[in-house]
Amino acid sequence: MKFFSASDYEPAVIAVGGAPVGIIAVGGFPLGVIAIGGLPMGLISVSCGIALGVVTFSCGVGVGVFGRVVGLGLGGDIRGVGLMLSWAKEFPAARSVARHESIPVSDALDAAGENWVLVPLNARGELQSEEVRFDLSPKARDQLGRITGHRVYAKVRAVRPTPDEPGSFRDPADPGEPYLACSDVDSAESKTSRRGQVGYWLKMALVAAVVLAGMGVASQTHVENLTMTRSANLSWQARLLGSAGIELPAESACSVTALVHSDGEHRQDVDVGIQCGGVELADRSLDDCELGQVDLGVHFSYRLRCNFGGEAEWTDDDGNTHAELPGFDLDTSAQRAEITADGPPPLRVTLEVDELSAPITGEPLLSEP
């Protein structure tokens, strides 16, 4: 595997393109361990469009097992802002011990700032300690009333009262007993029962199976691209027979070019270009062309047949809308190409094309002629 690739037909550690495949894939429709783009698919997918993956981060639509989404979220444990359709809503929160570093109650009096202290609850659900009393804030008191269990974490700071009256040298003032001011509490018990956790993970496993199956179907194009390991740039000389709706001198030099990616058997992706007199008459990527191969011994030549019906308007990769895109009918076996558009004004350009492409060396595009 290459380290870097800008081709959709070659995987790499870092791959960029329209539909790249890589460990880190960036593009319009990427597939990777980490996929970033418009419509990414991966173990981790990041998108401002539609993200599909095990873990998704999206500011549009996120579909995944775990997701953080702004917009529309679908899947297992999905959270965010917008409409979240999460099947496994009862997320088994980790024990608080994983989030707080507890210190002994006695040490809290000697520690600076606020600290989390692990404190047992009495039968009435109150914080209890033989060493010190707790002064709860309204927020902590409200939260404590909703906690079930035998222990809580209390976020506290030490308070040493100021004496009401000044003392003397022989009779120092009594400042009173120090206490702990509690600003927040959190349960130290697991928030989900063992049975609830089993149910949660069964749900998540089912969601994962559905998501991975969907990724398998959606990534079919990527898989087919990776089988097309043979490629070549082909060219045919052409001559102008007639034109209408466009100014082309009769002596204009014309050509047909094709960048072909092939799996060596029956599937080819072809980027066809038709130029005449310095004007690009057609430029399209097609996957339904017919390719014929002629073995010349050391070299190979090719025949090509492609048809594109044209479009009334089209949108480029930047989202800009353009006027009519001409259609074309190309058949080098018949030595003819025709480019047409309804207009206005109507366009029609007719070319005579060489039957065989300029010979090329290297691996043939087809295993058999």
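Basis for what follows: all heavy atoms, side chains included, without hydrogens, waters or symmetry-related copies.
Among residues two or more places apart in sequence or in another chain, the ring-ring contact (aromatic ring centres under 6.0 Å, His included) test is passed with Phe300 by none. Shown here are the salt bridge (Lys or Arg N to Asp or Glu O under 4.0 Å) partners of Arg157, two or more places apart in sequence or in another chain: there are none. Not a single salt bridge (Lys or Arg N to Asp or Glu O under 4.0 Å) links Asp287 to another residue, sequence neighbours left out.
Within the 4.5 Å cutoff, side-chain heavy atoms of Tyr200 are placed close to those of Asp77. Taking the side chain as every heavy atom from C-beta outward, Leu127 and Leu136 approach each other to under 4.5 Å. Taking the side chain as every heavy atom from C-beta outward, Val260 and Leu304 never approach each other to under 4.5 Å. With contacts defined as side-chain heavy-atom distances shorter than 4.5 Å, the pair Phe308/Leu330 does not qualify. Using a 4.5 Å heavy-atom cutoff, the side chains of Arg284 and Leu325 are in contact. In this structure the side chain of Ile339 reaches within 4.5 angstrom of the side chain of Leu351, judged on heavy atoms. For the pair Gln268/Leu365, no side-chain contact is recorded, criterion being any heavy-atom separation below 4.5 Å from C-beta on. Looking at Tyr302 and Ile360, their side chains come closer than 4.5 Å, going by heavy atoms from C-beta outward.
Counting only residues at least two apart or on different chains, no side-chain hydrogen bond (donor to acceptor under 3.5 Å, both in side chains) pair has a member in residues 44-68. Listed by first then second residue, pairs satisfying side-chain hydrogen bond (donor to acceptor under 3.5 Å, both in side chains) with a partner in residues 247-263 read Ser255-Gln275, not counting sequence neighbours. Judged as a salt bridge (Lys or Arg N to Asp or Glu O under 4.0 Å), the pairs with a partner in residues 234-246 (not counting sequence neighbours) are, in order, Arg239-Glu352, Arg239-Asp354.
For the side-chain contact (heavy atoms from CB on, under 4.5 Å) test with Phe328, the passing option among Asn307, Val272, Thr340 is Val272; the others fail.
At a threshold of 4.0 Å, the pair Arg133-Asp135 does not count as salt-bridged, since none of the basic side-chain nitrogens sits closer than that to a carboxylate oxygen.
Judged by distance alone, with hydrogens and angles left aside, the side-chain atoms of Ser86 form a donor-acceptor pair with the main-chain N or O of Gly76 at under 3.5 Å. Within the 3.5 Å criterion, the main-chain N or O of Gly32 finds no donor-acceptor partner in the side chain of His222. In this structure, the side chain of Arg230 engages the main chain of Pro364 through a donor-acceptor pair within 3.5 Å. Between the side chain of Ser5 and the main chain of Ala12, no donor-acceptor pair closer than 3.5 Å is present. Looking only at distances, no side-chain donor or acceptor of Asp184 sits under 3.5 Å from a matching main-chain atom of Lys155. Remark: the backbone N or O of Glu265 is not paired with any side-chain donor or acceptor of Ser367 at under 3.5 angstrom. Distance alone, capped at 3.5 Å, is enough to place a donor-acceptor pair between the Arg160 side chain and the Leu109 backbone. No donor-acceptor pair under 3.5 Å is formed between the side chain of Tyr9 and the backbone N or O of Ser231. No donor-acceptor pair under 3.5 Å is formed between the side chain of Trp236 and the backbone N or O of Ala258.
Pairing each heavy atom of Leu226 with each of Val21, the nearest pair is CD1-CG1, 4.1 Å. In terms of heavy-atom proximity, Leu366 sits nearest to Gln293 at N-OE1, 2.9 Å. Smallest separation of non-hydrogen atoms from Pro30 and Ile36: CG-O, 3.4 Å. For the pair Val256 and Ile274, the tightest heavy-atom approach, listed with the atom from each and the gap, is CG2-CG1, 4.3 Å. The shortest heavy-atom contact between Leu347 and Pro326 is CD2-CG, 4.0 Å. Between Leu296 and Ser301, the shortest heavy-atom contact is CD1-OG, 3.4 Å.
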**Message:** Could you go through Asp107 and Asn115, starting from their C-alpha distance and side-chain angles, then the distance that decides it, and tell me whether this counts as side chain to side chain contact (heavy atoms under 4.5 Å, CB included)?
**Reply:** CA-CA 10 Å; Asp107 290 352; Asn115 298 277; over 6 Å; no
**Item:** Residues Val270, Leu234; criterion side chain to side chain contact (heavy atoms under 4.5 Å, CB included); working and verdict
**Value:** CA-CA 10 Å; Val270 184; Leu234 308 179; over 6 Å; no
**Full working for side chain to side chain contact (heavy atoms under 4.5 Å, CB included) between Arg348 and Glu338** = CA-CA 7 Å; Arg348 181 178 296 274; Glu338 189 171 67; 2.9 Å; yes
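Leu83 and Val207 fall within the same hydrophobic cluster, where Ile, Leu, Val, Met, Phe, Trp and Tyr residues are linked whenever their side-chain heavy atoms come under 4.5 Å apart, directly or through other members. Side-chain heavy atoms closer than 4.5 Å link hydrophobic residues (I, L, V, M, F, W, Y) into clusters, and following such links, possibly through other members, connects Met1 to Val16. Under the 4.5 Å side-chain contact rule for hydrophobic residues, Met215 and Val55 share a cluster. Hydrophobic clustering places Trp87 together with Leu212 (ILVMFWY residues linked when any side-chain heavy atoms are closer than 4.5 Å, directly or through intermediates). Grouping the Ile, Leu, Val, Met, Phe, Trp and Tyr side chains by contacts below 4.5 angstrom, directly or via other members, places Leu85 with Val211.
Annotation: His150, atom NE2; neighbour count of heavy atoms from other residues, nucleotides and ligands within 6.0 Å does not exceed 12.
One distance of note links CG of Asp288 with SG of Cys306; it measures 7.0 Å at 0.5 Å rounding. Taking SG from Cys276 and CG from Leu240, the interatomic distance works out to 4.5 Å, rounded to the nearest 0.5 Å. One distance of note links OG of Ser333 with CG of Leu356; it measures 8.0 Å at 0.5 Å rounding. To the nearest 0.5 angstrom, Leu121 atom CG is 7.5 Å from Gln128 atom CD.
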